[in-house]
Amino acid sequence: MIKPYIKTQTEDFDIEAEIKRLTANNKNIGAVVTFSGLCRDEEGALSALELEHYPGMAEAEITRIAEQAIERFGLDGISAIHRYGKIAPGENIVLVVAASRHRQAAFDGANFLMDFLKTRAPFWKKEHDIKGKEGNWVDAKDADDDALSKWDA
Amino acid sequence: MIKPYIKTQTEDFDIEAEIKRLTANNKNIGAVVTFSGLCRDEEGALSALELEHYPGMAEAEITRIAEQAIERFGLDGISAIHRYGKIAPGENIVLVVAASRHRQAAFDGANFLMDFLKTRAPFWKKEHDIKGKEGNWVDAKDADDDALSKWDA
Amino acid sequence: MKLVYFAWLRERLGINEEVVELPKDVETVANLFDWLKARDAVFADVFEHEAIIQVAINQKHERDRGASISTANEIALFPPMTGG
Amino acid sequence: MKLVYFAWLRERLGINEEVVELPKDVETVANLFDWLKARDAVFADVFEHEAIIQVAINQKHERDRGASISTANEIALFPPMTGG
């Protein structure tokens, strides 16, 4: 039984180490896909994103989605690390790693987890502009809801 | 104009460094997808894969496919590193990195390049079994040809 | 019962969390919303467009406004999620 | 003109590459295959199932057996590719 590795943390993650966590003890893994989501500077307008999360529920929801991904795509491993707190442009926000024997399962597993994480994991982003002013809470995007429809069975 | 970074080499690659190569000078990248292909041990039967390639054509073909991916998906960067020579189970064979503002483009770019690389880049794999005997050349898979059909416009 | 608030809900209400004693007839999410709005003018204001407010009961997302809250220890109220 | 061979073609033919002087009437990929098979029994044997043999002219993949080889400096012959 494959168990997802799920974490929320303020500090950055080490992608190479996270790949090794999944592959180190399984030489029948042929494909590893990573997704990293980075903070964009919105053409220089943004000084930081501030991420708030709901501790407990965040980890539980991501774990639930990750378990679905393991089952659905036949993964040999899946991890997700989501940062919270203040994050500057160019820095990492979120990492997903999916490992499988074959490449399409790894691609689909990572893509599926990201799509659901976007709209189902209890995180909220607030923008800080370059003048240091606290700005708006980022609105949820319809495009993110639409992205889920590609996973309808 | 975005230029792909394409290399063939015998030595392993550093995934973290390859991500940085694409993101270091562009703070409007919001999504990076990496694919690493690893040598599987085929339930312990395999001691190594030996990869042969056609120098010159290999780099040119991968570059051509990578340029198509940039154009088609609107990527902000794409890289591919393909190793050749003898590779042991658990070791990396190939790396693709795709970067974009948005996540689906990065997923599609990496997936597209891998699908075409599998059947269009001049590499050939020979199996060495655990007794150290040189074995068979790996056959091309129909499934790899079929995978291309999802990219028909 | 503990109520917790996140993001702009938390900011506009001016509280992170509170412990409340609900009347017996506050049995569903919809009842809870009505009770909160009746209790406090700031809540009434923040809940004006209540359709977009999301609810988690005992840390599980609940979209049904008719869902029972009778076994809830913790109810979270928050805007649509924007993770990833 | 330079001919280069890869993978099991290279192994079974026993050569990596060779420089050949082609007769004037060897104008296409198909002509080249026929010329190689006629030249040498090992080639005739290796090219028995020639449909699977892949061709690159000047390092560009060429699937058309009727393609002209008149401007070719380098022709590569190899099995289906198995990279990635």
Side-chain angles (χ1 to χ4, degrees), chain B residues 6 8 35-40 49-66 80-85 87 92-96 110-127 134-145 147-148, chain D residues 1-20 22 28-30 32-33 36 42-84:
Chain B
I6 309 297
T8 59
F35 174 89
S36 4
L38 289 83
C39 177
R40 285 186 276 125
L49 279 178
E50 188 171 347
L51 276 107
E52 180 169 332
H53 79 304
Y54 184 0
M57 181 177 165
E59 296 81 357
E61 276 295 299
I62 302 173
T63 301
R64 198 178 55 77
I65 301 161
I81 300 178
H82 204 307
R83 296 177 68 192
Y84 59 91
I87 293 175
N92 289 315
I93 298 173
V94 62
L95 173 69
V96 163
N111 199 345
F112 175 93
L113 181 50
M114 274 310 303
D115 276 349
F116 279 86
L117 196 153
K118 280 261 168 187
T119 54
R120 299 277 196 272
F123 287 83
W124 302 271
K125 293 192 186 103
K126 183 188 216 169
E127 297 176 335
E134 282 196 24
N136 296 318
W137 289 92
V138 173
D139 280 330
K141 291 185 197 72
D142 288 343
D144 286 330
D145 281 324
L148 298 183
Chain D
M1 177 188 298
K2 187 158 111 178
L3 300 178
V4 293
Y5 305 99
F6 291 101
W8 56 254
L9 240 81
R10 174 181 56 71
E11 287 186 341
R12 289 185 56 192
L13 295 172
I15 47 172
N16 296 345
E17 57 179 67
E18 60 178 324
V19 175
V20 295
L22 294 180
T28 66
V29 172
L32 175 66
F33 276 34
L36 287 167
V42 176
F43 275 77
D45 186 42
V46 171
F47 279 60
E48 192 191 342
H49 303 288
E50 66 177 54
I52 68 154
I53 296 177
Q54 306 293 307
V55 178
I57 300 178
N58 295 338
Q59 307 204 340
K60 276 204 70 173
H61 197 192
E62 177 56 67
R63 286 157 184 276
D64 179 5
R65 294 293 201 241
S68 167
I69 59 170
S70 60
T71 61
N73 300 311
E74 179 173 304
I75 295 181
L77 302 173
F78 46 79
M81 297 166 271
T82 55

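Note that the coordinates shown come from a computational prediction; the quantities given were computed from them, not determined experimentally. Letters A, B, ... are given to chains in the order of the sequence lines, protein chains preceding strands, and every chain is numbered from 1. Side-chain atoms are counted along with the backbone in the values below, which use heavy atoms only and exclude waters and symmetry mates.
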*Would you say the side-chain atoms of B/Trp124 pair up with the backbone N or O of D/Pro79, donor to acceptor, closer than 3.5 Å?*
yes
*Please report the shortest heavy-atom distance between D/Gly83 and B/Lys125, naming the atom on each side.*
O-NZ, 3.4 Å
*asked:* Could you tell me if the side chain of B/Glu61 sits less than 4.5 Å from the side chain of D/Met81, heavy atoms only?
replied: no
_Side chain / backbone / both / neither for B/Arg64 at chain D, heavy atoms under 4.5 Å_ = neither
*Answer with side chain, backbone, both or neither: which region of B/Ile93 has an atom nearer than 4.5 Å to a non-hydrogen atom of chain D?*
side chain
*Do you know which two heavy atoms are closest between B/Arg120 and D/Arg63, and how far apart they sit?*
NH1-NH2, 3.1 Å
*Do you know which two heavy atoms are closest between D/Phe6 and B/His53, and how far apart they sit?*
CE2-O, 3.4 Å
*Return the minimal non-hydrogen interatomic distance between D/Thr82 and B/Val138, and the atom names on each side.*
CG2-O, 3.4 Å
*For D/Gln54, is it the side chain, the backbone, both, or neither that has a heavy atom closer than 4.5 Å to a heavy atom of chain B?*
neither
*Which distance, rounded to the nearest 0.5 Å, do you find between the NE2 of D/His61 and the OG1 of B/Thr119?*
9.0 Å
*Are any of the side-chain heavy atoms of B/Glu52 and D/Phe78 separated by less than 4.5 Å?*
no
*Between the side chain of B/Lys126 and the main-chain N/O of D/Trp8, is any donor-acceptor distance below 3.5 Å?*
no
_Counting only non-hydrogen atoms closer than 4.5 Å, does B/Asn136 touch chain D with its backbone (N, CA, C, O), its side chain (CB onward), both, or neither?_
neither
_Less than 4.5 Å to any heavy atom of chain D: does that hold for the side chain of B/Ala121, its backbone, both, or neither?_
backbone
